[in-house]
**Student:** 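Take a look at the following structure, please.
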Amino acid sequence: MSYTIALAGNPNCGKTTLFNELTGSRQRVGNWPGVTVDKKEGICKKDKELHITDLPGTYSLSPYSAEEIIARDYLVKEKPDAVIDIVDGTSIERNLYLTLQILETGVPTVIALNMMDEVEARGDEIKAEKLSRILDVPVVPITARSGKGIGELLAQAAETARGKKTPQKLLVFDEKLQRVIDEVEKELESSGESDSAWKAVKLLENDENIAAGISEELKNRIRKIIGKAYGSNEDPEAIIADQRYRYIAKVVKDTVKKSAAGHIETKSDKLDKILTNRILALPVFACIMYLLFACTNSENFLFLGIPSPGIWLAGLVESVWGGLTGVIEGLLGNASPWVYSLVIDGIMAGLGSILGFIPLVLVLYLLISFLEDCGYMARIAFVLDRIFRRFGLSGRSFIPLLQGFGCSVPAVMATRTLESEKDRKITAILAGFMPCGAKLPIFALFVSTLFADSNQTLVTYSVYIFSIVTAILVSLLLNKFVYKDGASNFIMELPQYRVPTLKSVFIHGWEKVKGFAVKAGTVIFVSTVLIWFLSGFNLDSFNGKNAAENEDGSIMCEMNDSFMASVGNVIAPVFKPLGFGEWRPAVGVVTGWIAKENVVVTFAQLYEEDVTEEYLEEYFSRFTSEELEELGFEGGAYDSEAAGDIYSESVLFEGGDENALPHMKDDIKTKAAAYAYMVFNLLCMPCFAAVGAMKRELKTWKETGKAVGIQMATAYAAALLVNVVGGLFL
Amino acid sequence: MTLKEMKPGQSGQVLSIGESGPLKRRIMDMGITPGVAVKVIKMAPLGDPIEINVRGYELSLRKEEAARIEVQV
């Protein structure tokens with residue numbers, strides 16, 4: 001026999017900590033049907049009969065947000081055997097408001113009075129036994145973070161679930177209101193409605209979801225009952241909320257002994273005096289953001305000359321992966337060339353690009369989990385809300401967008417911290433517009449060659465400005481025309497600062513990394529292998545012609561002759577209005593979707609007539625042996641085998657050769673077209689890794705497709721504008 | 001006067017909430033009901049939103065929303 005126990009409570013009441021404490025590692029994260037809210041389930045580690053479901057944190061059971069609808073539907077429709085209602089003892093009044101609504105549903109309930117350590121530290125006292133007597137449900141004082149009281153809580157919950165002890169109805173409302181509720185309840189009952197007591201209260205609360213579920217005729221009868229009792233200037237909805245809080249105030253007066261009356265300053269308030277101080281808030285915030293950034297994406301961690309933990313771990317993973325690839329290369333010595341290429345350039349490279357991101361994602365998530373759990377994330381929204389509101393976003397959008405300057409993958413994943421679904425969708429789209437690290441080589445190559453006679457720094461900066469201005473405009477447009485619905489208010493709790501437990505931060509971080517590796521990983525892997533195939537094969541691969549022509553008998557071909565070239569030819573006309581309607585720049589755009597730095601590598605392969613052995617030898621002859629070693633030649637000696645790769649990665653990536661790829665000018669003739677090409681690559685679909693992350697955050701392919709479509713349309717419109725308007729001046 | 005006009009450090013009592021619909025329910029769900037004591041803690045560094053203490057916890061809301069809440073100081 002198994003029993004289901006739901007965990008319910010306000011946000012920040014320690015629900016997640018308790019869930020982790022109860023289930024350990026035995027948990028499963030999915031989604032609630034139809035919405036992008038995590039559904040967490042687990043089996044209790046101490047009592048395997050208990051199946052625990054973690055409901056989303058909510059302040060009430062009104063149908064205000066997706067979270068609230070999920071929580072109430074679960075309690076009323078799925079009827080768990082018991083619910084553990086977690087009440088934060090430090091703000092007991094607001095927490096009991098949800099408790100009263102949970103009790104109204106009639107589900108067997110146990111109250112876990114959490115944060116008792118903080119309550120005691122403040123010198124306050126909560127009489128749990130008395131509270132239990134008044135509410136007629138077991139009340140167990142606990143401290144979830146230290147595990148204190150959890151054994152007792154579990155025993156009570158198991159007993160309540162097995163005994164199916166429904167809570168007694170409380171006398172929350174005054175005589176008049178209760179009479180009206182009873183009348184409505186009778187009316188519902190006689191029409192055969194289930195949960196009539198609960199629905200009666202909800203109907204008086206003007207609850208549209210419940211009203212939609214009953215017949216028009218019944219609704220009219222109920223409207224009459226309510227209309228008879230309350231005049232048009234009275235608002236039963238407000239009266240109910242008011243009476244609930246009045247009841248709570250009475251209960252609290254009887255059961256809570258405060259050490260001081262009124263609002264007293266806590267440690268948290270003192271900390272807030274600095275962190276949200278009028279003058280200090282923004283500088284402190286900038287420092288914290290810099291640290292976050294430095295720990296994940298920085299090559300020069302805190303100017304110490306060492307890479308950040310994220311980059312360092314990524315490098316470690318890459319070198320291990322490189323070593324493994326080397327071993328496999330050795331094992332494949334006798335395999336046919338295409339098998340070798342599939343394994344090395346397709347599968348290993350595809351998996352490698354996923355693995356390379358995991359350390360960045362891990363470090364970022366540990367830090368973000370920390371900021372969220374400690375309460376600072378809410379302050380960021382508080383401080384920045386004024387600025388971001390103008391663009392139709394919330395203050396929390398800042399972190400994902402800032403991360404976008406480093407890498408779109410963690411940026412998209414950081415949108416998880418946004419409360420509203422609308423903000424989450426818009427921010428995930430905008431994150432792809434940011435000039436991430438991998439886009440920089442494109443700008444470096446273009447600025448150094450095609451803008452050789454312009455103020456190059458200015459051109460590069462203008463690309464940054466362009467991305468920010470585009471993000472603002474697109475956000476405004478999306479708010480106005482695409483994602484019109486969604487709450488735009490800012491009524492938000494500023495929770496007490498708390499040092500989160502390491503365990504909860506790690507569980508948080510690990511869950512998300514696992515999600516990324518599986519969901520994003522699949523997208524990245526499949527698309528990488530697909531592009532590998534398109535770039536290495538053509539029709540002659542399958543009729544024996546390539547095998548006969550190639551010295552090593554390979555059926556593969558050069559990229560210039562591959563399917564990819566044909567794809568480039570087919571899509572090139574689309575880019576004609578943008579100024580770069582030739583097949584080679586078109587192929588560059590496509591390979592950029594694997595990883596944006598591929599655009600430059602692809603160019604070096606496609607304009608092979610510009611990267612001849614003679615050219616390379618002549619180009620590198622200007623360097624001294626030390627300089628050659630710095631560029632990547634082993635021992636400082638010129639090596640024609642390695643020269644090609646070193647040329648693209650050390651020279652082109654940095655914009656080091658202003659005479660590079662002269663034939664590129666035949667395809668991209670004007671400065672306007674060159675700028676349009678940079679803009680297009682900046683704004684169009686990000687790499688597959690980021691699309692994988694988008695799929696993970698937006699949940700459905702439909703939403704992901706819509707988001708990518710918006711990015712593509714933006715890129716096209718912006719590049720067109722640049723080419724046409726720029727053509728008049730440049 | 002309204003909650004928006006209160007100065008940091010000032011305390012008062014809520015008289016009525018001029019909103020209607022879901023926003024009003026949200027405001028009341030968060031504990032701002034007629035008769036409750038509120039104290040304005042501070043403004044955000046850029047002047048908006050504001051932070052108040054109500055029912056023993058800290059809540060932030062925009063001035064736009066605070067302007068609809070009538071208070072007595």
Side-chain angles (χ1 to χ4, degrees), chain A residues 58-65 68 88 90-95 97-98 205-208 235 237-238 240-246 248-249 252 258 262-263 268-269 272-273 276-282 285 378-379 381-387 389 395 487 489-496, chain B residues 2-4 6-71 73:
Chain A
T58 63
Y59 293 106
S60 90
L61 296 182
S62 320
Y64 181 78
S65 65
E68 287 169 351
D88 174 356
T90 62
S91 54
I92 191 165
E93 279 192 64
R94 198 201 57 230
N95 278 259
Y97 185 76
L98 176 68
E205 281 186 289
N206 214 354
D207 189 315
E208 291 127 20
D235 181 359
E237 188 185 339
I240 289 178
D242 185 38
Q243 293 193 4
R244 278 197 193 119
Y245 269 117
R246 273 175 206 274
I248 291 166
V252 168
K258 290 233 172 215
H263 171 238
S268 185
D269 293 334
D272 234 359
K273 280 207 168 145
T276 58
N277 177 283
R278 188 167 273 270
I279 296 149
L280 290 176
L282 289 169
F285 169 71
R379 269 73 182 187
F382 179 69
V383 169
L384 295 179
D385 180 66
R386 173 104 198 243
I387 304 171
R389 189 188 328 166
N489 69 67
F490 190 79
I491 300 169
M492 186 187 72
E493 181 189 0
L494 294 172
Q496 298 274 309
Chain B
T2 66
L3 183 57
K4 182 190 166 192
M6 283 171 70
K7 304 255 165 337
Q10 231 174 357
S11 300
Q13 212 175 18
V14 173
L15 294 174
S16 67
I17 296 140
E19 280 292 338
S20 64
L23 186 53
K24 177 172 187 173
R25 181 151 49 204
R26 174 72 162 181
I27 289 174
M28 297 190 74
D29 280 349
M30 296 304 282
I32 305 179
T33 56
V36 77
V38 289
K39 180 179 175 186
V40 175
I41 306 291
K42 68 157 85 74
M43 312 281 163
L46 300 169
D48 194 10
I50 61 172
E51 176 185 345
I52 64 167
N53 183 285
V54 59
R55 296 191 191 274
Y57 80 100
E58 267 75 46
L59 181 73
S60 80
L61 70 175
R62 288 178 181 162
K63 281 190 165 167
E64 189 190 331
E65 290 138 9
R68 320 269 177 87
I69 299 169
E70 283 290 327
V71 288
V73 176

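Letters A, B, ... mirror the listed sequences (proteins, then strands); counts begin at 1.
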**Student:** Are the side chain of B/Glu65 and the backbone N or O of A/Phe490 linked by a donor-acceptor pair below 3.5 Å?
**Tutor:**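 Yes; at least one donor-acceptor contact below 3.5 Å.
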**Student:** Supply the atom-to-atom distance A/Asn206 CG to B/Arg25 CZ, rounded to the nearest 0.5 angstrom.
**Tutor:**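 Between atom CG of A/Asn206 and atom CZ of B/Arg25 there are 6.5 Å.
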**Student:** What part of A/Ala238 gets closer than 4.5 Å to chain B, counting heavy atoms only: side chain, backbone, both or neither?
**Tutor:** both
**Student:** Please assess A/Arg278 against B/Met43 for the test side chain to side chain contact (heavy atoms under 4.5 Å, CB included), listing each intermediate value before the final yes or no.
**Tutor:** CA-CA 8 Å; A/Arg278 188 167 273 270; B/Met43 312 281 163; 3.9 Å; yes
**Student:** Grab the two heavy atoms, one from A/Tyr245 and one from B/Asp29, that are nearest each other, plus how far apart they are.
**Tutor:**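 For A/Tyr245 and B/Asp29, the tightest heavy-atom pair comes out as OH-O, 2.8 Å.
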**Student:** NZ of B/Lys24 to CG of A/Asp235: how many Å apart, nearest 0.5 Å?
**Tutor:**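 Output value for this atom pair is 4.0 Å.
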**Student:** Under 3.5 Å, is there a donor-acceptor pair between the side chain of B/Tyr57 and the main chain of A/Ile92?
**Tutor:**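 A pair under 3.5 Å: no.
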**Student:** Which answer fits A/Ser268, side chain, backbone, both or neither, if we ask what part of it has an atom under 4.5 Å from a heavy atom of chain B?
**Tutor:**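 Contact with chain B is absent: no heavy atom of A/Ser268 under 4.5 Å.
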**Student:** Give me the atom names and distance for the closest heavy-atom approach of B/Ser60 to A/Phe382.
**Tutor:**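 Minimum heavy-atom separation between B/Ser60 and A/Phe382: CB-CD1, 3.5 Å.
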**Student:** What's the spacing between B/Leu46 CG and A/Ile387 CD1 if we round to 0.5 Å?
**Tutor:**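 Output value for this atom pair is 5.0 Å.
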**Student:** Ignoring hydrogens and geometry, is there a side-chain-to-backbone donor-acceptor pair from A/Tyr97 to B/Met30 under 3.5 Å?
**Tutor:**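 Not confirmed, A/Tyr97 side chain does not pair with B/Met30 backbone.
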**Student:** What pairs with A/Glu205 under salt bridge (Lys or Arg N to Asp or Glu O under 4.0 Å), at least two apart in sequence or on another chain?
**Tutor:**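 If we apply the salt bridge (Lys or Arg N to Asp or Glu O under 4.0 Å) test to A/Glu205, skipping adjacent residues, the hits are A/Lys202, A/Arg244.
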**Student:** With side chain to side chain contact (heavy atoms under 4.5 Å, CB included) as the test, would you mind laying out the steps for B/Glu58 and A/Asp269 before giving the verdict?
**Tutor:** CA-CA 9 Å; B/Glu58 267 75 46; A/Asp269 293 334; 3.6 Å; yes
**Student:** Could I get the full list of side-chain contact (heavy atoms from CB on, under 4.5 Å) partners for B/Asp48, not counting sequence neighbours?
**Tutor:**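 Checked B/Asp48 against side-chain contact (heavy atoms from CB on, under 4.5 Å); matches are A/Arg386, A/Arg389, B/Arg62, B/Lys63.
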**Student:** Name the region of B/Ile32, side chain, backbone, both or neither, that has any atom closer than 4.5 Å to a heavy atom of chain A.
**Tutor:** neither
**Student:** How long is the gap from CG on A/Leu494 to CD1 on B/Ile41, to the nearest 0.5 Å?
**Tutor:** 10.0 Å
**Student:** Please classify the contact of B/Glu51 with chain A as side chain, backbone, both or neither, using a heavy-atom distance under 4.5 Å.
**Tutor:** both
**Student:** Quick check: are there more than 12 heavy atoms from other residues, nucleotides or ligands sitting under 6.0 Å from NZ of B/Lys4?
**Tutor:**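 No, not enclosed.
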**Student:** Which atoms form the tightest heavy-atom contact between A/Asn277 and B/Pro45, and what is the distance?
**Tutor:** O-CG, 3.8 Å
**Student:** Quick check on the interface: out of A/Arg94, A/Glu493, A/Glu208, who has the most heavy-atom pairs with chain B under 4.5 Å?
**Tutor:**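 It is A/Arg94.
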**Student:** Can you tell me how far the CZ atom of B/Arg26 sits from the OG atom of A/Ser60, to the nearest 0.5 Å?
**Tutor:**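 Rounded to the nearest 0.5 Å, the CZ-OG separation comes to 7.5 Å.
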